[in-house]
Protein chains: 2
Amino acid sequence: MDQDPPPGEHLLRMLTALASPHRLRIVAALAEGRSYVSQLARRLEMNRPLLYMHLQRLEAAGLVVGELETARDGSSVKYFEVVPFALALTPQVIAEAVPTLEVAEPGAAGRTRNGPASGGSGEDTST
Amino acid sequence: MDQDPPPGEHLLRMLTALASPHRLRIVAALAEGRSYVSQLARRLEMNRPLLYMHLQRLEAAGLVVGELETARDGSSVKYFEVVPFALALTPQVIAEAVPTLEVAEPGAAGRTRNGPASGGSGEDTST
DNA sequence: CCCCCCTGTCAGATGAGACTGACACCCCCG
DNA sequence: CGGGGGTGTCAGTCTCATCTGACAGGGGGG
């Protein structure tokens with residue numbers, strides 16, 4: 001089940017996951033130590049369902065991991081902790097990752113939005 | 001003139017600027033060499049106004065710079081090129097940048113949602 | 001003169017994500 | 001039994017970024 005997500009897709013996923021003040025704050029909070037959903041919701045003063053969604057997004061991007069622990073008393077508590085990721089973001093990295101981005105999805109929805117594109121004017125390869 | 005944008009704000013701006021397949025593609029294209037708007041629009045097969053907006057966003061984040069050059073014949077061409085940025089993205093960096101994020105809109109919204117102090121509930125410092 | 005290439009900006013339609021309140025369910029404690 | 005956490009999920013609303021077509025210029029060349 002461990003497929004290879006193209007670098008471009010993964011990069012985009014990480015960026016979209018982090019491009020949100022709430023999610024940045026969540027990561028920062030988890031960087032100080034693991035916590036469970038309800039507690040974190042109180043700490044950050046946000047609704048549980050909302051926090052839940054953000055956590056799922058972060059987890060989908062591989063930035064945090066959640067584990068449902070069952071205490072001895074039987075109560076279930078879902079702990080989250082941050083993954084020690086390290087992403088060097090440079091134009092070079094982006095340039096190498098982009099070619100693996102899926103261009104657009106034809107097929108489904110009948111939007112055959114074919115573009116005549118340019119009229120073939122001066123496409124030069126000048127520096 | 002040269003004010004200090006808080007690290008958190010700047011970080012968020014860069015992330016939101018890059019969290020878009022189109023903008024990633026633009027950066028990748030510019031990484032191969034400078035280009036002007038119309039040419040880039042043809043190359044990436046997107047509308048000029050749209051590309052224009054994305055370029056402004058990238059420029060606002062300080063990831064690219066645009067310069068309006070006037071050729072000898074008087075025609076104006078706006079060239080863009082990528083800025084050699086290098087951002088190391090780690091939980092640590094985020095944790096340090098987040099405290100400088102503006103919490104929310106001040107003034108309005110009298111949500112004095114002050115925590116009734118969750119009492120002595122389970123605010124544990126467990127690891 | 002008309003045609004072509006370029007920049008810059010806008011009102012408006014569209015869609016995706018953010019956000020809320022409520023629900024079903026579990027388990028312990030008084 | 002009732003109350004108090006905790007998780008997981010849902011339908012619905014609402015805001016905002018995105019995307020499009022069109023416009024108003026500036027300037028060169030056949």
Side-chain angles (χ1 to χ4, degrees), chain A residues 12-13 15-26 35-61 66-80 104-105 108-109 111 113 115-116 118-124, chain B residues 12-13 15-26 35-61 66-80 104-105 109 111 113 116 118-124:
Chain A
L12 183 58
R13 206 190 306 267
L15 288 174
T16 52
L18 288 177
S20 152
H22 273 164
R23 266 168 254 147
L24 281 182
R25 211 166 282 141
I26 291 171
S35 178
Y36 59 96
V37 184
S38 294
Q39 188 187 38
L40 203 56
R42 280 193 296 268
R43 179 130 58 187
L44 299 179
E45 296 186 31
M46 63 167 75
N47 275 345
R48 268 182 303 277
L50 181 57
L51 174 63
Y52 199 81
M53 185 192 57
H54 285 308
L55 281 172
Q56 280 186 338
R57 224 169 192 72
L58 287 171
E59 189 173 27
E67 190 181 1
L68 185 62
E69 294 188 4
T70 304
R72 290 193 310 280
D73 56 6
S75 61
S76 293
V77 180
K78 185 156 193 178
Y79 276 94
F80 275 89
E105 175 86 22
R111 289 252 190 279
R113 184 98 192 88
S118 56
S121 282
E123 268 302 337
D124 62 16
Chain B
L12 182 58
R13 208 190 307 265
L15 288 173
T16 52
L18 288 176
S20 152
H22 272 165
R23 266 168 254 145
L24 281 182
R25 212 164 284 142
I26 292 171
S35 179
Y36 58 95
V37 184
S38 294
Q39 187 185 40
L40 203 55
R42 281 193 295 268
R43 178 131 60 186
L44 299 179
E45 294 187 32
M46 64 167 74
N47 276 344
R48 260 178 307 253
L50 181 58
L51 174 63
Y52 199 81
M53 185 193 57
H54 286 308
L55 281 172
Q56 279 187 339
R57 224 171 190 70
L58 287 170
E59 189 174 27
E67 189 181 2
L68 185 62
E69 295 188 4
T70 303
R72 291 191 311 279
D73 54 7
S75 61
S76 294
V77 180
K78 186 157 193 179
Y79 275 94
F80 275 90
E105 82 277 10
R111 47 178 302 107
R113 184 95 166 80
S118 23
S121 274
E123 274 296 345
D124 62 3

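Residue numbers start from 1 in every chain, and the chains themselves are labelled A, B, ... in the order their sequence lines are given, proteins ahead of strands.
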Can you tell me if [X] touches the phosphate of [N], counting only side-chain N or O atoms and a distance under 4.0 Å to OP1 or OP2?
X: A:Lys78; N: D:dG8; value: yes
X: B:Tyr52; N: C:dT7; value: no
X: B:Arg42; N: C:dC6; value: yes
X: B:His22; N: D:dC19; value: yes
X: A:His54; N: C:dG17; value: no
X: A:Tyr36; N: D:dG6; value: yes
X: A:Ser38; N: D:dT7; value: yes
X: B:Asn47; N: D:dC19; value: no

- Task: Please report the shortest heavy-atom distance between A:Arg13 and A:Ala60, naming the atom on each side.
- Result: CD-O, 3.3 Å

- Message: Please give me the minimum heavy-atom distance between B:Ala17 and B:Leu58, naming the atom from each residue.
- Response: O-CD2, 3.9 Å

For the pair made of [atom1] in [X] and [atom2] in [N], what is the distance, rounded to whole Å?
X: A:Leu51; N: C:dT20; atom1: CG; atom2: P; value: 11 Å
X: A:Glu67; N: D:dT7; atom1: CD; atom2: C1'; value: 15 Å
X: B:Glu59; N: C:dT7; atom1: CD; atom2: P; value: 14 Å
X: A:Leu55; N: D:dG8; atom1: CG; atom2: P; value: 10 Å
X: B:Gln39; N: C:dT7; atom1: CD; atom2: C1'; value: 15 Å
X: B:Arg48; N: C:dC10; atom1: CZ; atom2: P; value: 18 Å
X: B:Leu12; N: D:dA17; atom1: CG; atom2: C1'; value: 14 Å
X: A:Met46; N: C:dC19; atom1: CE; atom2: P; value: 8 Å

- side-chain contact (heavy atoms from CB on, under 4.5 Å) between B:Phe80 and B:Glu59: does it pass, once the steps are laid out? CA-CA 9 Å; B:Phe80 275 90; B:Glu59 189 174 27; 4.0 Å; yes

From the set [options], return the single nucleotide nearest to any side-chain atom of [X].
X: B:Leu50; options: D:dC19, D:dT9, C:dT20; result: D:dC19
X: A:Leu68; options: C:dT20, D:dC19, D:dG8; result: D:dG8
X: A:Val77; options: D:dT7, D:dC10, C:dT9; result: D:dT7

- Message: If you assign each of A:Pro49 and A:Gly74 to its closest nucleotide in DNA chain C, which residue comes earlier from the 5' end?
- Response: A:Pro49

- On DNA chain D, more 5' by nearest nucleotide between A:Ser75 and A:Gln56 is A:Ser75

- Message: Rounded at 0.5 Å granularity, tell me how far CD1 in A:Ile26 sits from CG in A:Leu55.
- Response: 5.0 Å

- Task: Examine distances only and state if a side-chain atom of B:Ser75 and a backbone atom of B:Ala71 form a donor-acceptor pair shorter than 3.5 Å.
- Result: no

- Message: Donor-acceptor check, side chain of A:Asn47 to backbone of A:Pro49, threshold 3.5 angstrom: yes or no?
- Response: no

- Query: Counting any heavy atom closer than 4.0 Å, what does A:Arg57 reach on the DNA or RNA strands: base, sugar-phosphate only, or nothing?
  - Reply: sugar-phosphate

